[in-house]
Structure formats: structure tokens, C-alpha cells
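Input: a single structure, listed below in C-alpha cells.
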Amino acid sequence: MPMSRYEHRAIEPRWQDWWEKHKTFATATDRTRPKYYVLDMFPYPSGSGLHVGHPKGYVATDVVARAKRMMGFNVLRVMGWDSFGLPAERQAMREGLHPRDITSRNIATFKGQLRQLGLSYDWGRELATSDERYYRWTQWIFARLYEKGLAYQAEVPVNWCPALGTVLANEEVKDGVYVETGDPVERRNLKQWMFRITEYAEQLLDGLEGLDWPEGIKDMQRNWIGRSEGAHIRFPIKGHDAHIEVFTTRPDTLFGGTYAVLAPEHPLVERITTEAQRAAVTAYRLEVTHRSDRDRTGASADAEKTGVWTGATAINPATGAEIPIWIADYVLASYGTGAVFACPAHDERDYAFAKTFGLPIVRVVEGGDLAVEAWTGDGAHVNSSFLDGMDIAAAKRAMIAWLEAQGHGDGTVQYRLRDWLFSRQRYWGEPFPMVFTEDGEAHLLPDSALPVRLPELDEYRPTEDGQPPLARAAEWAVTEFEGRPAVREVNTMPQWAGSCWYYLRFLSPNRSDVAWDPDEEDYWMPVDLYVGGAEHAVLHLLYARFWHKVLYDLGLVTSPEPFKRLFNQGMIHANSYRDERGKYFYPEQVEERDGGWFVKESNTPVSTRLEKMSKSRYNVVNPDDMCEQYGADALRLYELFMGPLEDSAHWETSGVAGTRRFLDRVWRLVVDPESGGLSAKLTRDKLDNAELERALHAAIKKVTEAIESMKFNTAISEMMIFINEATKAEKVPVAWIEDFVLILNPFAPHLAEELWRVLGHEASTAFAAWPTYDEAKLVVNTITLAVQVNGKLRATLILPADVTQEAAIAAARADENVQRFLQGTVRREIYVPGRLVNIVAK
RNA sequence: GCGAGAAUGGCGGAAUUGGUAGACGCGCUGGACUUAGGAUCCAGUGGGGAAUCCCGUGGGGGUUCAAGUCCCCCUUCUCGCACCA
């Protein structure tokens, strides 16, 4: 039964079923072709489903995947679920269901939504991190890290979030609140699992060099790792058989060091505080522990300083002078050695501190005005004995050499990166493969004991005495280890764990004997293109690189870096509407008139602004509605046509109507409205229409290049130009339309498949050969030459493309309008072949 | 405060990287076909102007025959980091 109109509601589900039935996108096993592994950052399957912002990256990778298949690559294109995590646990508590049920329900929603978009995933490789067939291997990798000495337990001051009843990683806390929910976070000392990611700081830094990642993301990682070169210097403490070890990046300023500062938590504080100062020190330390993180971080270098003198003094090894030892919370216990020497003349923080407490300021570098502020710029050293006259770089080298020779210190490298806090007090996460015997010793379970399954619980809150929820599973927790009674670790792993290695599990997701097949790994890795949001710039991407580097060192993977190329798609924003009181309204509740926006029913004025899409802002656009009304192909096209993929974009549903109109024009060009067969406009004859043919080749070229450059918006506009020209043309050769349908295929696959059938082809477009363009066809035989006089456009001439410089200039000078402006002597004539002539006159 | 990026019609955005600014799309205006159209097609659409002209890429300077593009200064916005010694 031929169809005469473009009925996306019939076409799209039909092709989705067809692809599924024919396993069109099952990953090829042929190893003779080049491979291409294109990966989306897999989503957390939330309860609210997808909005149109989510698929932007998925559509982009789908275009790449589909085009690469047509170009002869074996493509690995997969999707899975980052399905452990807090929201499912909270939703479970609200609804009285098990997080597992919540999770599978949410996954079904997400999967249905993705399926509607016609994304060419190999669903046979679907995985979920909360599936025990998956997390068994997450535990297995933990075991490898533990064996390598990279996992350890420590009593550490942690970010405790009372509202959630869990600790959070440093990266998850900003300005004293949990970045996801805004709940306040406080400091507590707890025994936690840590990863020695700091041991890999240098490698993680160096590895960035060769990666094809956005420079901004690489910078953020460099910044996060925070390598700084400097020195450790030892200051003997007067009257104690002990010394303070400080870290400094400015050993050259040692002669200006007039006091030392310890972090309030520093272990030496207790020992060196004098009786006279003890009360003040104790009070200050207490005050600091009560001070929230928000107060303590987030202050700038010149912020007002607090602190207390310990009563003790140290000897400056350079000057031999006695300097007071203070404690102050501007010195962080967790960075460097938790102690600094202060050179107030040349450090903003020390300057602010010295001014507050009237401590001496001694200049050792020329420059600036110390009466006003610290001088941190370069200059000749003064008051510095053997350093006098040197600039900073030279003085640093000289000082480090001197310290090392005298045994007072060493040149060293320090990282800002901290060890990774890896345990959470949650239920819905991976259990650790660890037990503790009665002596308190931790033991790694053998691989044969994996997976350590989550026990069934009906209550996911922490216990009354503050233990993690797993402590409620008494029967589960009590076990034995090598015949001795033991208890299981009741913390679980953070959500980052599963996403650290999922790209490897996709290689052999159904193997129960190995985490991944080494041959598959050798063939497919590294990921050729990884697309996702920039919000994962430091967290997920740094953690995953860390695990990968460990696996590389263990010989378990063959590539030192997991993601060769990274691309961050921008977010989609939409207008939101709210009244004075902050109440939001749905777009269909408001209307625009007289230059303002009003609620239709009440005439209440509302203000509009562009915001991130979210349920609470009433500005979410649902892809299901778009698929229903305009079709998945139109939606896919609009997602990419909005603007450069990396930019954030402003959603306008009318734009989807625009890409839909384009697809309608394509349809009408090919399909006869009466018969449903080929349009009479199409011809099997050869046709001499250089303009149209050029437009086709321009489109093929642009689309081909877009697969590498990811500049899909301009590629789509080039396809539109071809269709506009073809619509105007009397006749269009079938062969040209066929090429066009093939380049359209990655963007609008349902329509392309349908038209491909109408054009008489039996096979799917999925593996049709990618059209090639001919540079010769792109050459035009006439050029439009811009003619300028003194840089101003005075005429445009149509000339043969092979016009000589002389002929072009002659034609330009002959032009009537040019003549009018050509007064005075011609000083110069500039000719840019094929583009313009500029005549410079008097 | 430090670091990175951005600013082009009513709107989203193009511009071979120094060579006709505004491609393509949205929106808008007019027309055609229509009982009707939120369908389709055609024409127009940066501003000013009768004009073959003038002005115009956040603002100010500069380099150049020629600047959205290069250099200097400023403004605004976005993102990241933020007492890391």
C-alpha cells in the first residue's frame, strides 16, 4: 500500500522494528575492517525520564556511528545505565519499593525513549552497573587495586552530610554544601576507604598531553591535579627535639620568613604549645572544628585572618633567627605538610596575617610598595645573603641547592590532588569485597567469593548508632574468613565506581568468566570518540583515567589512556516564566502581548528567562512529544541544527517545525503524491545542471567533513541548500537523489530508509557505501568577482572562472560604476583570484 | 581575585581563517492556491535613504590596499578554580 505523504508516525516505528528484527546494529565480528568505538557517557536513569537536552550528544554520536558504518568501519556503539546511586534509594523510601524495582522501571522508561529516537545502539550489549553480573567485576577491579596497595583505610576528616547520612568526596562538595542537592556538609572524622590516586598524579598529568580533548577540560584536570614545584624545609623548634617541616613554592624568600604557621589540626600543636598559651590554642582549635567548611574555604587570599600564637618558636635555618609558631586555619592540614613558613612581604595571605597580628614584614625582593600590599612579582633579591641580586628563578635554584647541602631541606614536587575517598554509607551501591576479623584486620575476599551480593533490606536508612544501612543486614554481615569469625565491610562504593570502567565491559558484556576479553580489548580500545557533558570534566574523567592507568600497569589493558578523543556537547536551555513571587508557569499558560509576557487566565505579568531545563522550572520539553508531533528524524535534525554542538543552545520548538518542513520537502522531491511511487521529477537520464550537481557535491563534502569536525549545523544547512535547489530544478537525476538520501541517512535514518525503498533498493541504508564527492564538480565555471575601489565595494562582476588577472582587472576598471569612483591616479591594484579586485586610487 | 571562552539582524547562527558580512533555519511582511489553513508555493526581510549612496559584527584606538577575523585598552556575559603556601 503506497503512501503518498510523509507519515512519520507510521514510518518511524516500522523501521525501528525492522532494525531490531534484523539485528542491523549488532556489532560486527569481522576483524579485517578498521574499528571505531564511539561512546556516550551513559546516563543515570532518573525517575523523570529524558528531556530534549539529553539526546543532543546521543544524536551526534549516532550520526557519527551511522556514517562510519557506511564508510566501512566496524562500529561499536553501545548504551548502558549508571544505575547505582542515591536518587533510586530515596525514591524507594518514598514509594516503599526496592531500589532494584525503581531502577528497572526507570531503565525501561529511558530505553523506550531512546528507542523512539532511532539510535543505532547494539542493545545486545546493554549493561547496568547495579546488575550483579556487572558489579561482580567492579569488585574484582577493586581487589586488583587493593592488592596493588592503592586502596587503604584511614581515619580522615570527611565531608559528612547529615541530611543524606553519608560522606561525600571533596569533589562533590562546594561552598560547604552537596553540589547535587544543596544539603549542608560538615567535617567529621571517620574511618574510610581511600584510593591512592595521588600516586598517579604525575602520570595523570603527563597523559593529558597526547589526548585529543578540549583544551579547557585538560586545563581543568591540570588545575585539579595542581602540580607545584618547591621545597620541603625543616625548622628546628626551640626547646624541643622536633622540627616543623614546611612546604613552600618560594624557598627563595626564606630570608624574609618571620614566623611559621601550623594548621590547627597539626599533630605537633599539642606538644609545643606553652602553658601560657594552652587555653587560647585549645579554644581556637575548638572554634575551627565548629567552623563549617563554607567559612573555611571560599575565602580569598586577602581575607581577614584568624589565628593564635602557640607560645613556641622555631629557628629560621637561613637567618638563624627565632620566629614565633602560630596556628591559623588559613593553613590547610590536608595540603603539603600542613605547615608553612610565612614571608609576609611576598605572599598575600601572610601579609594579611602579619598586618592583623602586627608581625614583622621583611623585604627580600625588590618591587612594589610593602606599605600597601605584598609584592609577589619578580625582582632582585635583597637582605638575602648569597641570594642578593638574583631573580626569583635563580634564587629558588640557589636556595634549594643550599638547603640540600646544609641538610635543611629538599627540592620537591607537591600536588593539590588528594587521595580519593571511596566509601559511602549507602545501601544502593557496590559492596566491598572485604571482611574484618575480630582483631580488626581487613582481609580481601578471594575472587571466587565474588560477587558479594547486596543483602535484601526493607529499610535503607543508617542505623540508630550511625552505621551504614548494610549494618542492618546482621545475617549477611556476619561471616567467616579462613575459618575465623569475621564481619563484612558495610560501607558501599560511590557511584563513580561503576562508571570508571563500563567502557571496558561493553567489549564483552555477556562473559561471565572474565571482566573483558583481552582480544576484544586489544581490538577495540581505546575509545575513539567519547561524548558527554562538561560537568564530568574532573570527576568521572579523572577517576576513569586513574583506574585505567592502574589496569594498564597491571597489563590488563593495552592502551595507557581510555578516551582518545573527548567532545563535550553543550546544554540545552529553555525559556521559563515566573511571576513576581517566583511561581513558575508552563509555556502554554502564558502569552506575549504588548512586549511583555502574561499569564493567560489571570493577566499576571511574568518575567521570562533562559534556564537549564528542569521539572521544577516548568520548562522541560519532552522528546516523546516531539517524536509524536514532528517525528524523531525532525527532532534529531533540530538537535544538531541548533548551533555548534559544543555550545549551549536555546530550545525553540518552532525550530523542530523548520527541520520537519525540510524533511517534507525531501519527501515531496522523491515521492509522487498520487501513486506513492517515484516522483515524475526524478529522471534516469543524465542531466546537465552544474549548479545542482555542485550543490550536491558541496553537501556530500560538508557532511563527510562534519563526521570528523562535529560541525553538524553547517552540514545540515548545506543539505538544505541542495534540497532548495533541487526543488527549484525542472528535473533531478535519480543518482543524485540517491547520494543525497545516503548522506541524509545518519541524520534522518527512518526517512532515508523509507526513501531508499521507494528508490527501488532492497537493502538497508545502514551499510550502503558512503557517497564520495568530486572536487572537480565543486569548481564553478563562473565566478562573481567583487570590485572595490579603496576598499569599498563598487561592483560585482560575473566572469569566467579561468579569467586571468589582467582580464579581471581590465573588466573591473571598465565597469561604469567603478569608473565613477576612479578619480585620481591608480596607485595599486590588488587581485585575489576568484574573489576580488581592489583598486587603490590617489 | 586567578584561569579559560564568548559578544555578529527581531531570534538561533554562517563567513574558505585577512578578501562581497548576515549562508541555512526561525520569526515577520506581501502575494498565489484555497470553504479554510497553524498546509504548500512564490517574493521580500541588518538600519537609514528617491538614489548607482551612507552606516553597520559589544565600546575605543591601531596595523593593512583590505579587519567580524590580527595587535593594544575597556565593558559585559558564561564556565571552571578559589586561603593549595
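Labels below follow one simple rule: chain letters A, B, ... track the order of the sequence lines, proteins then strands, and each chain is numbered from 1.
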d(CG, A/D219; C1', B/C2) in whole Å
13 Å
Most 5' of A/M220 and A/F247 on RNA chain B, judged by nearest nucleotide:
A/M220
Considering only the P atoms, how many Å lie between B/U57 and B/C11, rounded to the nearest integer?
15 Å
Measure the distance from CE on A/M571 to C1' on B/G80 and round it to the nearest whole Å.
13 Å
Without decimals, in angstroms, what is the distance between A/F235 CZ and B/A85 C1'?
12 Å
Say you pick atom C1' in B/U29 and the same atom in B/G46; how far apart are they, in whole Å?
16 Å
Given the C1' atoms of B/A23 and B/U35, what is the spacing between them in whole Å?
40 Å
Treating primed atoms plus P, OP1 and OP2 as sugar-phosphate and everything else as base, which nucleotides of nucleotides 42-48 of chain B get B, S or - for protein heavy atoms under 4.0 Å?
-------
May I ask you to check whether A/R418 and A/T198 show a side-chain donor-acceptor distance below 3.5 Å?
no
Cation over ring face, A/R416 and A/W224, 6.0 Å, 45°
yes
Does the Lys NZ or Arg CZ of A/K305 fall within the cation-pi geometry relative to A/F353 - under 6.0 Å from the ring centre and within 45° of the axis?
no
Does a side-chain N or O from A/Y335 land closer than 4.0 Å to OP1 or OP2 of B/A85, or not?
yes
Any idea which of B/G13, B/A85, B/C53 is nearest the A/F821 side chain?
B/C53
Could you check how far CG of A/L541 sits from P of B/G80, rounded to whole Å?
15 Å
Is B/A4 in the syn range, within 90° of 0, or in the anti range?
anti
What interatomic distance, in whole Å, is found between P of B/C77 and the corresponding atom of B/A82?
22 Å
Tell me whether the OP1 or OP2 atom of B/A82 has a side-chain N or O from A/R416 closer than 4.0 Å.
yes
Kindly say whether A/F247 contributes a backbone atom to a donor-acceptor pair with the side chain of A/H232 at under 3.5 angstrom?
no
P spacing across the pair B/U69 / B/U16, given as an integer number of angstrom:
13 Å
State plainly whether the residues A/D664 and A/R661 are in salt-bridge range, i.e. N to O under 4.0 Å.
no
Quick one: what's the B/S/- string for nucleotides 18-27 of chain B, heavy-atom cutoff under 4.0 Å, read 5' to 3'?
-BB--BBSSS
So A/V840, base contact, sugar-phosphate only, or nothing? Heavy-atom distance under 4.0 Å.
sugar-phosphate
If you count heavy atoms of other groups shown closer than 6.0 angstrom to NZ of A/K612, is the number above 12?
no
Under the rule syn = chi within 90° of 0, otherwise anti, which is B/U57?
anti
Separation of the P atoms in B/A7 and B/G59, to the nearest angstrom
13 Å
To the nearest Å, give me how far apart NE2 (A/H573) and C1' (B/A6) are.
14 Å
Base of B/G9 relative to its sugar, syn (within 90° of 0) or anti?
syn
Can you tell me how far C1' in B/A36 sits from the matching atom in B/A32, rounded to whole Å?
15 Å
Can you tell me if A/R828 touches the phosphate of B/U64, counting only side-chain N or O atoms and a distance under 4.0 Å to OP1 or OP2?
no
Enclosure of A/K777 NZ (heavy-atom neighbours >12, cutoff 6.0 Å):
no
Establish, for the pair A/R660 and A/Y630, whether the NZ or CZ atom is under 6.0 angstrom from the six-membered ring centre and no further than 45 degrees off its axis.
no
Going by distance alone, is a donor N or O of one side chain under 3.5 Å from an acceptor N or O of the other, for A/H346 and A/R363?
no
Answer yes or no: does atom CZ of A/R827 have more than 12 heavy-atom neighbours from other residues, nucleotides or ligands under 6.0 Å?
no
Is A/K711 touching bases, backbone alone, or none of the nucleic acid, heavy atoms closer than 4.0 Å?
nothing
Within 6.0 Å of NZ in A/K681, more than 12 heavy atoms from elsewhere:
yes
Once you round it to whole Å, what is the distance between P of B/G38 and CZ of A/R660?
17 Å
Both A/N817 and A/Y638 contact RNA chain B. Taking the nearest nucleotide for each, which residue is further toward the 5' end?
A/Y638
Expressed as a whole number of Å, how far does the C1' atom of B/G1 sit from that of B/G47?
41 Å
Closest to the A/V331 side chain, choosing from B/C54, B/A85, B/U40:
B/A85
